[in-house]
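FYI, side chains are in, hydrogens and waters are out, and symmetry mates aren't considered; it's all heavy atoms of this structure. Read the numbers this way: they start at 1 and go in the same order the structure lists the ligands and their atoms. We number each residue from 1, following the sequence as shown. Here the structure is a predicted model, which means the values were calculated and not measured.
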Amino acid sequence: MSYTIAITGKGGTGKTTIAALLVANLIRRGRRPVLAVDADPNSCLDSALGVRAENTVGRLREDARHTAAANPMISKRELLELKIAESLVEGDDFDLIAMGRPEGPGCYCYANNVLRDVLSQISASYPFVVLDNEAGLENLSRRLVTRVDLLLIAGDTSRNGTETVRRVLGLSREMGIKAEKLGIIINRVRGGRELGLADLKSSTGAEYLIRLPFDDEVLEYNEAGRSFMLLPEDNPVNLALGAFVDEVLKGQ
Ligand SMILES: Nc1ncnc2c1ncn2[C@@H]1O[C@H](COP(=O)(O)OP(=O)(O)OP(=O)(O)O)[C@@H](O)[C@H]1O
Ligand SMILES: [Mg+2]
């Protein structure tokens with residue numbers, strides 16, 4: 001059985017960075033291979049992990065449509081399943097599957113449904129699945145996964161940052177997303193600021209409340225397009241996420 005961690009939250013709160021660093025920390029603790037799922041059409045989890053996803057599901061869907069039209073003997077579904085399985089990008093100790101943006105006309109729901117089935121089949125071979133979502137719960141709402149073991153909501157220290165976390169949580173509950181456990185990550189905390197977040201944890205029922213410091217090195221890695229797999233282990237954000245991963249593994 002794989003353990004699925006989904007990261008969500010408002011735009012720009014660090015979801016992709018956190019996803020990549022979680023993958024790195026899981027691997028470091030021998031929990032490999034990890035399946036990373038880039039469920040954000042605009043995202044770049046691939047470069048955050050130091051690989052390149054050419055064949056996104058969005059593109060494959062269009063390919064499969066053309067091939068199936070030319071070959072009536074092949075079912076469109078079989079073809080799409082095959083193509084999605086082939087599209088896995090293999091990294092060291094992890095594989096990545098990327099949604100990409102829908103190409104071509106027509107509804108994306110079909111490809112989404114096929115992807116969901118393929119994901120549930122292949123994820124069985126991975127001890128951990130880490131899902132990076134687009135802001136606004138779009139993919140969670142498309143039921144790419146029906147339940148997750150750990151839902152992480154990323155927020156920031158801005159005045160309405162914690163309110164946004166609550167809103168995202170409310171939305172996820174309205175959508176019927178089943179999460180065994182909830183974690184709230186407050187990212188880019190500057191200095192030793194006391195954020196008065198104890199209430200956030202108790203009022204949301206979150207199991208984990210994680211503060212990640214603002215860190216120039218993380219920002220530089222992002223700006224340079226460098227893989228977060230190479231971020232030094234003793235980087236403060238890496239250390240904080242590593243300690244969090246240890247806690248999650250303990251509670252498993
Ligand atoms: N702890 C941190 N310290 C400094 N900068 C950070 C930190 N975490 C993330 N960032 C920076 O914040 C920016 C947004 O991060 P990221 O792309 O991971 O967010 P996101 O939530 O995935 O965004 P989107 O909603 O666009 O997908 C990036 O420039 C990233 O380098
Ligand atoms: Mg992102």
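Contacts between Ile18 and ligand 1 below 4.0 angstrom, taking non-hydrogen atoms only, are absent altogether.
Counting only heavy atoms of the protein, atom 23 (O) of ligand 1 lies nearest to Gly12 N, 3.2 Å. Here the protein heavy atom with the shortest distance to atom 13 (C) of ligand 1 is Arg188 NH1, 3.6 Å. Annotation: atom 18 (O) of ligand 1 to nearest protein heavy atom, Thr17 OG1, 2.5 Å. Protein heavy atom nearest atom 4 (C) of ligand 1, with residue, atom name and distance: Asp215 O, 3.2 Å. Here the heavy atom of the protein found nearest to atom 21 (O) of ligand 1 is Lys15 NZ, 2.7 Å. Among all protein heavy atoms, the one lying closest to atom 8 (N) of ligand 1 is Asn187 ND2, 2.9 Å.
Checking Thr13 against Asn187 by side-chain atom types alone, no donor-acceptor pair falls below 3.5 Å. Between the side chains of Asp95 and Tyr126, at least one donor-acceptor pair of N or O atoms lies under 3.5 Å.
Counting all heavy atoms, side chain and backbone alike, Arg211 lies closest to Ala240 at O-CB, 4.1 Å.
Heavy-atom proximity to atom 22 (O) of ligand 1, evaluated over Asp132, Leu219, Asn222, Thr16, is greatest for Thr16. When the options Ala240, Gly14, Pro213 are ranked by their closest heavy atom to atom 16 (P) of ligand 1, first place goes to Gly14.
Residue side and main chain included, Thr17 places no N/O/S atom under 2.8 Å of the Mg ion (ligand 2).
With ligand atoms numbered from 1 in the order given, ligand 1 contributes 1 (N) to contacts under 4.0 Å with heavy atoms of Val237. Near Asp40, the atoms of ligand 1 lying under 4.0 angstrom from a non-hydrogen atom of the residue are 27 (O). Listed by number with element, the atoms of ligand 1 under 4.0 angstrom from any heavy atom of Gly11 are 25 (O).
Atom CZ of Arg29 sits in a crowded spot, with more than 12 heavy atoms from other residues, nucleotides or ligands closer than 6.0 Å. Enclosure of atom CD in Gln252 by more than 12 non-hydrogen atoms of other residues, nucleotides or ligands within 6.0 angstrom is indicated. Within a 6.0 Å sphere centred on CG of Asp246, other residues, nucleotides and ligands contribute more than 12 heavy atoms.
A side-chain contact (heavy atoms from CB on, under 4.5 Å) with Leu21 holds for exactly one of Val23, Thr17, Ile18; it is Thr17.
Between the side chain of Arg32 and the main chain of Ile27, a donor-acceptor pair closer than 3.5 Å is present.
Proximity of Tyr221 to Leu230: side-chain heavy atoms (C-beta onward) are separated by under 4.5 Å at one or more points. The shortest side-chain heavy-atom distance between Val51 and Phe94 falls under the 4.5 Å cut-off.
Heavy-atom separations between Thr13 and ligand 1 include at least one value shorter than 4.0 Å. By the 4.0 Å heavy-atom criterion, Ala19 is excluded from the residues contacting ligand 1.
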